[in-house]
There are 2 protein chains.
Amino acid sequence: MSLKNNNKTDATTEEKIVEAARKLFTEKGFDAVKTRDIADEAGINLALLNYYFRSKKKLFEIITKENFGHFILIISEIVNDKKTSIRQKIEILVANYIDMFSINPDMPLFVLSHAKHYAQEMKIREKFMDSYFLKQVQKAIISEEIKPIDPTNLLFNIMGLTIFPFAGRHIFQNKNGITKEQFTALMQDRKKMIPIWIEAMLKAKS
Amino acid sequence: MSLKNNNKTDATTEEKIVEAARKLFTEKGFDAVKTRDIADEAGINLALLNYYFRSKKKLFEIITKENFGHFILIISEIVNDKKTSIRQKIEILVANYIDMFSINPDMPLFVLSHAKHYAQEMKIREKFMDSYFLKQVQKAIISEEIKPIDPTNLLFNIMGLTIFPFAGRHIFQNKNGITKEQFTALMQDRKKMIPIWIEAMLKAKS
DNA sequence: GTCTATAATTCGATAGAC
DNA sequence: GTCTATCGAATTATAGAC
């Protein structure tokens, strides 16, 4: 994104199309969004979409790479930090994910929905498996600070507690459910609680 | 479903169409599935689909009601049982969900993806909030057996730990990831561990 | 009930004027 | 670069024969 054009009115046509596509694709996925919807949302003519991006699929792949990129970046830049403890890594990981999803709450479901066709290159599990974080965990298991746990199950737990509320929020956020404000407050609460809960799980005896 | 016709070869045309629709819609959602795909999968002519079900949308709504129905039934029939403890309820709930999702691993992502438009009548949070289970939890909080927790956060935790691995399995199950067999084994492991983990979380001090 | 053929519509993409 | 007009393919749905 150009430094000059970071608000919507000043944005170039190309940027307006990407912004519209980002919003709609992330919210509804590939098939449910029509090129005409994107053109309308961007306030431009349908023909311009193909002029700039050749096809719907090419445009979609830009958004997919963005979303998967943001998703994987958070985990990548945390798990190999030599200076932080297990607990600190979990705190930062959870806080960063919750902050990102609070801004873009449709991203989690987008990633889950498109993982089958686009997660091959993401290698999220491989990055986790080869991480310094996991070495710290294994060391803590050997020294009996925490109980043995399958690394994949640990990854499921961290991600499940963090991501699920966003991916499933429409189950709970409806006319008889919680409000957007209540949801936001709960997520802030979870930022603090999830690391505490995970630590308790890691010390629980089976 | 008729008692006489519960295998695919003996199934009536109507049942064959529903079975094909169930498989494809649950796996891919509404927009990605074409009526021709359903007709092919069912081994019938395209025109018969409209003859029996009038439209693609009507057929889709049958499958949606099925999936949401199965999803909600498990929680409904467990949380108000006066005879079981908190721990037993969590054990049964987790085991029933994992057993169902092991047979139908696409159901969780289907439910999450379509919750925005179809979860209004489901009232999963309301059922949880009004449940005997939650009364047991509140009693246990007062007697200081467990630490205070927001009920919605407890629901997020139980569902997140149980459902997320299935909803996100394509992130982990790919050519560099875990095999289907490893995944199945992990889920069986989690059936035992999740109740233990949740109990530990409920006793963790903030 | 089931099929073939086709109508009706939607949708992605492009031609060509400005 | 941007627009109008339209093409052509894909897709849902239906008419009508058997």
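The sequence lines fix the lettering, A, B, ..., with proteins before strands; numbering per chain opens at 1.
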**Prompt:** Thinking salt bridges, do A/K65 and A/E61 make one under a 4.0 Å N-O criterion?
**Reply:** no
**Asked** So, B/R87 and B/E91, do they make that salt bridge, N to O below 4.0 Å?
**Response** yes
**Item:** Five-pair end axes of the helix from C/dG1-D/dC18 to C/dC18-D/dG1, angle between them (10°)
**Value:** 10°
**Message:** Below the 4.0 Å mark, does D/dT4 have OP1 or OP2 next to a side-chain nitrogen or oxygen of A/N45?
**Reply:** yes
**Prompt:** Taking OP1 and OP2 of C/dG12, is either one under 4.0 Å from a side-chain nitrogen or oxygen of A/S55?
**Reply:** no
Nearest to side-chain heavy atoms of [X], which nucleotide of [options]:
X	options	result
B/L48	C/dG1, C/dT4, C/dA15	C/dG1
B/Y52	C/dA13, C/dT2, C/dA15	C/dT2
B/L46	D/dA13, C/dT2, C/dA15	D/dA13
B/Y51	C/dG1, C/dA13, D/dC3	C/dG1

Can you measure [X] atom [atom1] to [N] atom [atom2] for me and round it to whole angstrom units?
X	N	atom1	atom2	answer
A/K58	C/dA13	NZ	P	10 Å
B/K56	D/dT11	NZ	P	9 Å
A/I17	C/dG12	CD1	P	14 Å
B/N50	C/dT9	CG	P	15 Å
A/R54	D/dG1	CZ	C1'	18 Å
B/L49	D/dA15	CG	P	16 Å
A/F30	C/dC11	CZ	C1'	11 Å
A/E14	D/dT2	CD	C1'	14 Å

**Request:** Return yes if some donor-acceptor pair links the side-chain N/O of A/Y132 with the main-chain N/O of A/I78 below 3.5 Å, else return no.
**Result:** no
**Item:** Residues touching DNA chain D, which here means a heavy atom under 4.0 Å, drawn from residues 31-40 of chain A
**Value:** none
**Request:** Determine whether the aromatic ring centres of B/F166 and B/F183 lie less than 6.0 Å apart.
**Result:** yes
**Message:** I'd like to know whether the aromatic ring centres of B/H114 and B/F25 sit less than 6.0 Å apart in this structure.
**Reply:** no
**Prompt:** With no hydrogens and no angle check, do the side chains of A/T26 and A/N67 hold a donor and an acceptor under 3.5 Å apart?
**Reply:** yes
**Message:** Tell me whether the rings of B/F156 and A/F172 are parallel (<30°), tilted (30 to 60°) or perpendicular (>60°).
**Reply:** perpendicular
**Message:** Counting C-beta onward and ignoring hydrogens, is there a side-chain heavy-atom pair between A/F101 and A/R169 closer than 4.5 Å?
**Reply:** no
**Asked** What is the distance from atom CD1 of A/I86 to atom CG of A/L134, rounded to the nearest 0.5 Å?
**Response** 9.5 Å
